[in-house]
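Report on the structure given below.
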Amino acid sequence: MDLAAGARRRQGTVPRPAMELLAQAEAGLQEASEMESANGRFATAHLAALRTAAAVLAARGRPEGASDGCRRRIRSAWEVLPEVAPELTEWSVLFAARAQTRARAEAGLPGAASMREAEDLLRDAGMFLRISQRILLSDSRQLGDLRLSDPEPAFRDAEERAALESPPLDIPLGHTPPGPPLGDDDDEWDE
């Protein structure tokens, strides 16, 4: 983490650019929820998630070694995010895997994303935004710095909202839910 970012965290403030990116992400989720086309909804929700990741990067600073003077290849936010916010690694993997679909959807390719995929991404982007807001709230230690607004229409019902607002804390990071194993033995579960 660079020194300026470390100083901001100690002072207990969230940088203005991070706040603006979070507001843009929230507006993007609202816009996506109102779109009727699956491609538009998917691309706009993915962009909202990208803005959320950018907000965390803006608040937390650059990864170690980023300012050593050497030119490095350009990396996506999804590659850098786990280095500055390891707790968001699984989210980075999820959104990085959907970047190709976003590119196809933005290009206007028919059927690039189904409405189900768009709805799922919209819901995931909303959860990612809320979790990121909570992380930045925790970092800033000032509840007045960051407003958690009412949930956007991406929530399907009150149960989903409640699950996000009070996630179980006893599930270890990386826990795999019960179900059929993934891999070559999928045929065993087709009985």
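- The distance from atom CG of L29 to atom CZ of F128, rounded to the nearest 0.5 Å, is 11.0 Å.
- To the nearest 0.5 Å, atoms OG1 (T52) and CG (L129) are separated by 4.5 Å.
- With respect to E26 and R130, a salt bridge is recorded, a charged nitrogen being found less than 4.0 Å from a carboxylate O.
- Interatomic distance, S132 OG to R60 CZ, rounded to the nearest 0.5 Å: 9.0 Å.
- E34 is linked by a side-chain hydrogen bond (donor to acceptor under 3.5 Å, both in side chains) to Q30, counting only residues two or more places apart in sequence or in another chain.
- Here the closest non-hydrogen pair linking P15 and A58 is CG-O, 3.8 Å.
- In this structure, L22 and L136 have side chains that are in contact, with non-hydrogen atoms separated by less than 4.5 Å.
- Legend: residues meeting side-chain hydrogen bond (donor to acceptor under 3.5 Å, both in side chains) with T101, ordered by chain and number and at least two apart, are R104.
- Side-chain contact between L122 and S33: present, with at least one pair of heavy atoms (C-beta onward) separated by less than 4.5 Å.
- The cluster map of Ile, Leu, Val, Met, Phe, Trp and Tyr, joined by side-chain heavy atoms under 4.5 Å apart, puts L50 and L81 in the same cluster.
- Both I131 and L94 are assigned to one and the same hydrophobic cluster, defined by single-linkage of ILVMFWY side chains at heavy-atom distances under 4.5 Å.
- Partners of R102 by salt bridge (charged side-chain N to carboxylate O under 4.0 Å, His left out), not counting sequence neighbours, listed by chain and number: E106.
- Under the 4.5 Å side-chain criterion, counting only non-hydrogen atoms from C-beta, F95 is in contact with L121.
- Using a 4.0 Å cut-off between a side-chain N of Lys or Arg and a carboxylate O of Asp or Glu, R134 and E87 do not qualify as a salt bridge.
- At least one donor-acceptor pair under 3.5 Å links the side chain of N39 to the backbone N or O of L109.
- Interatomic distance, H46 NE2 to Q100 CD, rounded to the nearest 0.5 Å: 10.0 Å.
- Using a 4.0 Å cut-off between charged nitrogen and carboxylate oxygen, E20 and R51 do not count as a salt-bridge pair.
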